[in-house]
Every structure is written in C-alpha cells, then in structure tokens.
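Take a look at the structure below.
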Number of protein chains: 2
Amino acid sequence: MINIYMIENKDTTESQIFNAAREIFEEKGLSGARMQEIADKAGINKSLLHYYYRSKEKLFHSVFQIIFKKLMKEFIELFDSDDSVENKIRNFFNLHISILQKNPNIPVFVLNEINQNPERVLKMMKGLEVEKIYKKLFKQIHEGIERGEMRQVEPEQVLVSILSMSIFPFAAKEMLKGLLNMDAQQFNAFLDRRKTEAADFVINALMIKK
Amino acid sequence: MINIYMIENKDTTESQIFNAAREIFEEKGLSGARMQEIADKAGINKSLLHYYYRSKEKLFHSVFQIIFKKLMKEFIELFDSDDSVENKIRNFFNLHISILQKNPNIPVFVLNEINQNPERVLKMMKGLEVEKIYKKLFKQIHEGIERGEMRQVEPEQVLVSILSMSIFPFAAKEMLKGLLNMDAQQFNAFLDRRKTEAADFVINALMIKK
DNA sequence: AAATGATTTAACCATTTGGTCAAATCTAGT
DNA sequence: ACTAGATTTGACCAAATGGTTAAATCATTT
C-alpha cells in the first residue's frame, strides 16, 4: 500500500494511479469521479486500477486518508509548538494560505467528503493526536486572559475563527471572485495580502491594547 | 420544521418534488443524488419527475438557483442598510447563524456546486445586484478609518473574514465536532454562543479602542 | 531457456441510472 | 355525460459504470 512518502515517486504504476486519482477525486469528489477517467489520466487500463486498488471505494479511501492526515499534521505541528500565540497565528496564516494556494481544491474536497461520510473522518481523527492542535494554544490563551493581556474570549471560538479565515476563502474561491469582481490573478494577490491582514485581524481581536 | 427555504405551497405535486429534490441534493450533491431516491421521497413515480422537470440537470438547476438567490438576498438586505457597521456585524452573525442552524447542509452544498460549476453561479450573480453586499459597508469602513475610529484594514478582507466566520463552522461541522470533541447538542450551544462571540471578535479587530 | 510470479490487457458482465412512451386516470368546461 | 387537456403510472430502453476473468506479457530466478 501507498504511504505519504510515495506520492512524489512518479515512476511506479501505483503512484501514477494514485496521483491521477488524487487529481480527479479532488476535482469531482467520490460520486462525480469515473474510474475510466482516472485510468485515462494515469495512462493505463481500467482493469489495472482494480488490480492495485480493489474497488473505487478503496482507491478513494487511500487518497482521502493521505490528504486528510497531511492536512491535520500541518495544523498539529504549528499549534503544538512552544511559540507565542502571536507567532503561531502569523505563521499559521502565512504557511497555510501558501500551501492552499498550491492546492486550492483541497478544502472543498475534504469538506464535502466529511459531510458525506462523517464516520470515516471521525475514525481517522482518532488515530491522530488531534487534541495537540488546541491543547497548548488554549492554555496559552487562558494564561493571556489571566494576565490581562487578552480579552475574555472562548478559546474554541478563536481556533474556529482562525481555521475559518484561512480555509473558507479557498472553499468559496469562485464565489468570492464573482462577488468582489476579481480575476484569478487579483484573487491570488488578495490571498497574498491576506497572509498578514488576517493575522493582524485576529491578533487585534484577541489582544487588549495599551 | 418550517423555515424560509421551503417553498410555500406544500400541497402541489410540483412543490412536493421540489422539496424532496432540495433535501436529497443538499445531502448528496448533484452527482450523488438519484432520481429514484427523489421520487421515493416525494412519494411519486419517477416518470413524474421528468414530466415536471425535464431532466436531472434542470431539476437541480431550479433547486440550486432558489437556494443560492435566497442566500444572496439575505446578505444583501443586511449589508445594504444604513445601519452602523457595528450593528450590521452583530445582526449578521445573529441572523445568519440562526438560519444556518436550521439548514446546516446548505454551505457545503453551495460551496461544492460552486466549485463543480463556477459558470452557473457566476451567471446567477450577474442577475443579482451583488455589489450591494459591500458597497455601503466598504464606504462605511473607509470613513471609519479616516475618522480614526477603525484600524487601517482592507474592507475586502474584513468582508471575507465575516463570511468565513459564519459560514465555515457549518461547512466543517462534522470535523469540528470531532476536533473539539462535542456532540450535536454541545456544538449547537457553541454556535449559539458564536452569534455574539464572533461579532465581538470582528468588532474588536476592527475598532481602535480609546 | 524454462519456470515462476508479478503486471497488464481486452473482452465481458451485471447493475444502475437517467430518460422515454404509450396507456390510464383524473379534472374542468360544455 | 362527453370531450379535451392535464396529470400519473408502469413497462421499457440505451448508455454508463464499477467490476471480473482469462489470457498475454514482462521480469526474475534457477
């Protein structure tokens, strides 16, 4: 079976299949994707898909699992550090928006599948130490409030706001482009500015100014 | 439970079909929905679907159009008023989160379809006066900045942040429940608190305190 | 080069699915 | 009651789709 480090290896048939499947599934979702289309994109016979991954469901599961776990690991690494809250927020928006600019389809893909099949995702999350995403951050926020440096906020709300502000613009990309009347280039520049603007926004919402 | 997204006349066959289609499409999306399933839910024959709506695509289009336009109208009404920025923000989170609590599937449904078929959505938006969503709000923010009451923010970023913070929690609902270890009831209470917490958050991010 | 096991292909298959059609039934106007 | 038009049904169809299978080909070992 494929693992996270094999995605890059473009030589093997298995990774060719995997990468083709990843592209198609990201674009069209589970029910929208066609096995024939994946085979075509991988440049192989449809039977070969079933030779490596016995069914569409299994192929999808491998693809989804790897993308989802990678995403979660990024969140965890960033928020589980001993860095200051302010630095975590700045680094998060910077890094995370940059990653999604290169993989703009991931948010809708993941959100859609989560809604379609919550059990799968919940099971996956149990395998990861997801509480690492917020454990330290929440403690830091509580301390900040006690010290009188931060407003009386609910840490869960802050975390959700941070995730919202970085993920949603990608999920709603096409709508926002239409709404704000931007072309692809302008929207990309908007996202570049957002890396610091969103961080400033959150920090100002959080901190009590002197 | 009756809410504004249901079409008024519940008696006619057409509205029965429409409501069944709305439920199934919201849950499973265009490619995931089955005409037979919609017919079953409407309590009618599958042929009747094709009698009223000639094809799956046409049925989907009617459903999507109505949901999307209603959604946009809400945004417009709220932001196009002469209310203060602060009131607009408070009213928006209050009203919008309440509506989505009753229709929690709409965000993923709409976001997914927007990504699948951006042209359809863009065409729809041209029919509405979408610029009304931000025209007055942006002017108010610019004035607030000039008066020294608001930080030097980019109005577009603020609008996107507001939309993110209210819509994303619904799109990511199942993931957030898993992440924060909440059951349905706890998550609903979380959303209730969010109506004011999110508004406070944005207002604090925006305003310069004395 | 023969044998063996892994990989790849082409031809099929069964089911699902969106859609059609002609007949039946119901409704309203005369 | 009769007719015309709208509504509803059940039987059917063609295409699409996920999946299977047996045979062919390739690579490796002996």
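All of these numbers come straight from a predicted model, not from anything done at the bench. Below, chain A is the first sequence line, B the second, and so on; all start at residue 1.
A ring-centre distance under 6.0 Å is found for B:F92 and B:F79. Aromatic rings from A:F109 and A:F64 are positioned such that their centres are separated by under 6.0 Å.
The distance between atom CG of A:L48 and atom C1' of D:dA24, rounded to the nearest whole Å, is 14 Å. Atom NE2 in B:H50 sits roughly 13 Å away from atom P in C:dT17 (whole-Å rounding). Distance CE (B:M35) to P (C:dT16): 18 Å, rounded to an integer number of Å. Between A:I24 atom CD1 and D:dG18 atom P the separation is 12 Å, expressed in whole Å.
Residue side chain A:K46 reaches the base of D:dG19 through a donor-acceptor N/O pair under 3.5 Å, judged by distance alone. Contact annotation: side chain of B:S47 to base of D:dG10, donor-acceptor pair present below 3.5 Å.
Within the 4.0 angstrom heavy-atom criterion, no nucleotide atom of any strand lies near A:A39. Among the heavy atoms of the strands lying under 4.0 Å from B:Y52 are primed sugar atoms or P, OP1, OP2 only; no base atom is included.
If you check D:dG19, C:dG19, D:dT7 against the side chain of B:S55, the one that comes closest is C:dG19.
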Query raised in the report: Step by step, would you call A:L78 with A:E74 a side-chain contact (heavy atoms from CB on, under 4.5 Å)?
Result: CA-CA 6 Å; A:L78 241 151; A:E74 274 154 25; 6.0 Å; no
Requested in this report: Evaluate side-chain contact (heavy atoms from CB on, under 4.5 Å) for B:R194 paired with A:S161, printing each intermediate quantity in order.
Outcome: CA-CA 10 Å; B:R194 191 162 182 81; A:S161 295; 3.0 Å; yes
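Taking 4.0 angstrom as the limit, A:R34 places none of its side-chain polar atoms (N or O) nearer than this to OP1 or OP2 of D:dA16.
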